[in-house]
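Side-chain atoms are counted along with the backbone in the values below, which use heavy atoms only and exclude waters and symmetry mates.
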Amino acid sequence: LFATNDLIAVQGATGTVGTADEVIRVTAITTNTLTVTRAWGGSAKDTISASQAFRIIGSMYAENSGVGKPRSTAKTISTSYCQIFKQFVVLSGTAQSTELYGEVDENYQLAKALKELKRDIEAAFMWGVAQETLAAPGSVWSTAGFKQSVTTNVTDASTTLTMTSFNTFAETAFRYGNKTKLFIASPRILSGLNYFSQSKLLTAPKEEVFGVRLRTFVTPHGDLMLANNWLFENGISGQAGYADEAYCVDLDAVEIRYLAGNGKSRDVALYKDVVKDGTDGVTHEFMGQLGIIFPNQKKHARIYDCTAYA
């Protein structure tokens, strides 16, 4: 943590006299023992307790000095996997050759299956958990979603979302990363933000993400591009769901990966007539093997337990 030639500020307690804090210079380190020069630069010597908070305010090397102690951060490895997603369309020969009013049924069924596949992938990217099970005749993998991945910046709204609690959430959400982020939320939570914004904060159409024009909610800490997502809803008959949650996503810290080794892509694609067993009909398959990763989960944030707003 500390290195020779560091300058350290002895942080005073909140509410203390607003004079300059004592600054200490580290002159040597032996194991866990620091040799220091106190009251550096004429700063006033302070009383240092056993639980004193310090802040390293930079290094100060002498002219023609040598190489100092390097600092490096050991990265924490998070493991996820590429999950196999599939949707099928099965049509009999009779169905293929029957004319229906409006769109050709095969085209309609393919479009519907693709939408269902996209919904499945979206849900897995938000709520999936990483798992690998190696077994014969076939292994299975599932990808780690946003909720499992983002563990640091998590705010409990304690049932009622208020402007105060939302600003507390925004402080953590914008501590790292971009100052404009995607805010994926349930209709209930977005209704709360609309309530807050009336005559108070700016909300206006501003950003376009994935071809969708999004309304922006401005906080003192950064801007949130609001995305209403109906997957964030409670279960049938009022059972528990995700209506009380919202996710703040730094889009520059999201990566979608698919297997692509040996020149063979496993990105989502349509494979036609995959079953050739003499059946009077065809089976089409949408298939992809992909997953999502959040390289720096501290750039993202979650808020939950928002069942009302005031």
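Thr143 and Ser80 share a side-chain donor-acceptor pair at under 3.5 Å. If you check the side chains of Asp120 and Gln87, you find a donor sitting under 3.5 Å from an acceptor. Side-chain N/O atoms of Glu122 and Asn229 include a donor and acceptor closer than 3.5 Å. Counted by atom type alone, Thr30 and Thr33 present zero donor-acceptor pairs between their side chains at under 3.5 Å. Neither side chain, Ser139 nor Glu132, offers a donor N or O lying under 3.5 Å from an acceptor on the other. If you check the side chains of Asp267 and Ser265, you find no donor sitting under 3.5 Å from an acceptor.
Closest approach of Gln83 to Ala124, counting heavy atoms only: OE1-CB, 4.2 Å. In terms of heavy-atom proximity, Met225 sits nearest to Leu251 at CE-CD1, 4.3 Å. In this structure, Ala253 and Pro295 approach most closely via the heavy-atom pair O-CD, 3.1 Å. For Val10 against Asp21, the heavy-atom pair with the smallest separation is O-CB, 3.2 Å. Residues Cys248 and Leu224 share a closest heavy-atom pair of SG-CD2, 3.7 Å.
Remark: the backbone N or O of Ala39 is paired with a side-chain donor or acceptor of Glu22 at under 3.5 angstrom. A side-chain donor-acceptor contact under 3.5 Å links Ser186 to the backbone of Ala243. With Gln109 contributing its side chain and Val90 its backbone, the two residues share no donor-acceptor pair below 3.5 Å. The closest donor-acceptor contact from the side chain of Arg257 to the backbone of Leu290 lies at 3.5 Å or more, if one exists at all. Thr180 places no side-chain N or O within donor-acceptor distance of the main-chain N or O of Asp223, the cut-off being under 3.5 Å. Side-chain N or O atoms of Gln297 include one that pairs as donor or acceptor with a backbone N or O of Thr151 at under 3.5 Å. Remark: side-chain polar atoms of Asp250 are paired, donor with acceptor, to backbone N or O of Asn178 under 3.5 angstrom. With hydrogens and angles disregarded, no donor-acceptor distance shorter than 3.5 Å links the side chain of Asn153 to the backbone of Ala301. A donor-acceptor contact shorter than 3.5 Å links the side chain of Ser65 to the backbone of Ala62.
The OG1 atom of Thr159 sits 15.5 Å away from atom OH of Tyr309, with the distance rounded to the nearest 0.5 Å. Once rounded to the nearest 0.5 Å, the distance linking CG of Asp46 with CD of Gln52 reads 6.5 Å. Atom-to-atom distance recorded for Ile24:CD1 and Thr37:OG1 is 9.5 Å, nearest 0.5 angstrom. To the nearest 0.5 Å, atoms CG (Leu7) and OG (Ser43) are separated by 9.5 Å. Here the CE atom belonging to Met287 is positioned 7.0 Å from the CD1 atom belonging to Ile84, to the nearest 0.5 angstrom. Taken to the nearest 0.5 Å, the CD1 atom of Ile293 stands 9.5 Å off from the OG atom of Ser78.
Contact of the Ile189 side chain with the Leu161 side chain is registered, since non-hydrogen atoms from C-beta on lie closer than 4.5 Å. Tyr61 has its side chain out of reach of Thr4: every pair of non-hydrogen atoms, C-beta onward, lies at least 4.5 Å apart. Residues Leu110 and Leu270 meet the side-chain proximity criterion, which asks for heavy atoms closer than 4.5 Å. Within the 4.5 Å cutoff, side-chain heavy atoms of Phe2 are placed close to those of Leu34. Counting only heavy atoms from C-beta outward, the side chains of Tyr176 and His300 never approach each other to under 4.5 Å. Residues Thr283 and Val89 have side chains not in contact (no heavy-atom distance under 4.5 Å, counting atoms from C-beta outward). Contact of the Thr133 side chain with the Trp141 side chain is not registered, since no non-hydrogen atoms from C-beta on lie closer than 4.5 Å. Contact check for Gln96 versus Glu106: side-chain heavy atoms found under the 4.5 Å cut-off.
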Report task. Begin from the C-alpha positions of Phe166 and Phe183 and carry the test ring-ring contact (aromatic ring centres under 6.0 Å, His included) through to its verdict. Result -> CA-CA 12 Å; Phe166 194 77; Phe183 188 73; 5.7 Å; yes

Report task. Kindly indicate, with the supporting measurements, whether the criterion side chain to side chain donor-acceptor pair (under 3.5 Å) is fulfilled by Asn5 and Arg25. Result -> CA-CA 6 Å; Asn5 297 312; Arg25 183 190 182 196; 3.2 Å; yes

Query raised in the report: Could you go step by step and tell me if Val254 and Val249 meet the side chain to side chain contact (heavy atoms under 4.5 Å, CB included) rule?
Result: CA-CA 8 Å; Val254 179; Val249 184; 3.6 Å; yes

Query raised in the report: Would Asn228 and Leu226 satisfy side chain to side chain contact (heavy atoms under 4.5 Å, CB included), going step by step from the backbone distance to the final call?
Result: CA-CA 7 Å; Asn228 187 7; Leu226 306 183; over 6 Å; no

Query - Worked check of side chain to side chain contact (heavy atoms under 4.5 Å, CB included) between Ile8 and Val23 - result: CA-CA 5 Å; Ile8 303 170; Val23 175; over 6 Å; no

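The stretch residues 165-193 participates, sequence neighbours left out, in no salt bridge (Lys or Arg N to Asp or Glu O under 4.0 Å) pair at all. Annotation: ring pair (Phe, Tyr, Trp, His ring centres under 6.0 Å) contacts involving residues 219-246, sequence neighbours excluded, comprise Trp127-Phe232, Trp127-Tyr242, Phe232-Tyr247. Residue pairs meeting the ring pair (Phe, Tyr, Trp, His ring centres under 6.0 Å) criterion with at least one partner in residues 264-288, sequence neighbours excluded, are absent. Every pair passing salt bridge (Lys or Arg N to Asp or Glu O under 4.0 Å) that includes a residue from residues 143-162 is listed here, sequence neighbours excluded: Lys147-Glu245.
Atom CG of Asn262 has 12 or fewer neighbouring heavy atoms from other residues, nucleotides or ligands inside a 6.0 Å radius. Enclosure of atom OH in Tyr108 is not indicated, since only 12 or fewer non-hydrogen atoms of other residues, nucleotides or ligands lie within 6.0 angstrom. Counting non-hydrogen atoms of other residues, nucleotides and ligands closer than 6.0 Å to CZ of Arg55 gives a total of 12 or fewer. For Asn32, the CG atom sits in a loose shell: 12 or fewer heavy atoms of surrounding residues, nucleotides or ligands are nearer than 6.0 Å. The environment of Arg266 atom CZ is dense: over 12 non-hydrogen atoms of other residues, nucleotides or ligands sit within 6.0 angstrom.
The salt bridge (charged side-chain N to carboxylate O under 4.0 Å, His left out) check on Glu99 picks up nothing, with sequence neighbours excluded. Listed by chain and number, the residues in a salt bridge (charged side-chain N to carboxylate O under 4.0 Å, His left out) with Lys112 are Glu116 (sequence neighbours excluded).
When each of Asn167, Thr168, Thr162 is tested with Ser165 by the rule side chain to side chain donor-acceptor pair (under 3.5 Å), just one qualifies, namely Thr162.
Taking the six-membered ring for Trp, Phe125 and Phe294 have ring centres at least 6.0 Å apart.
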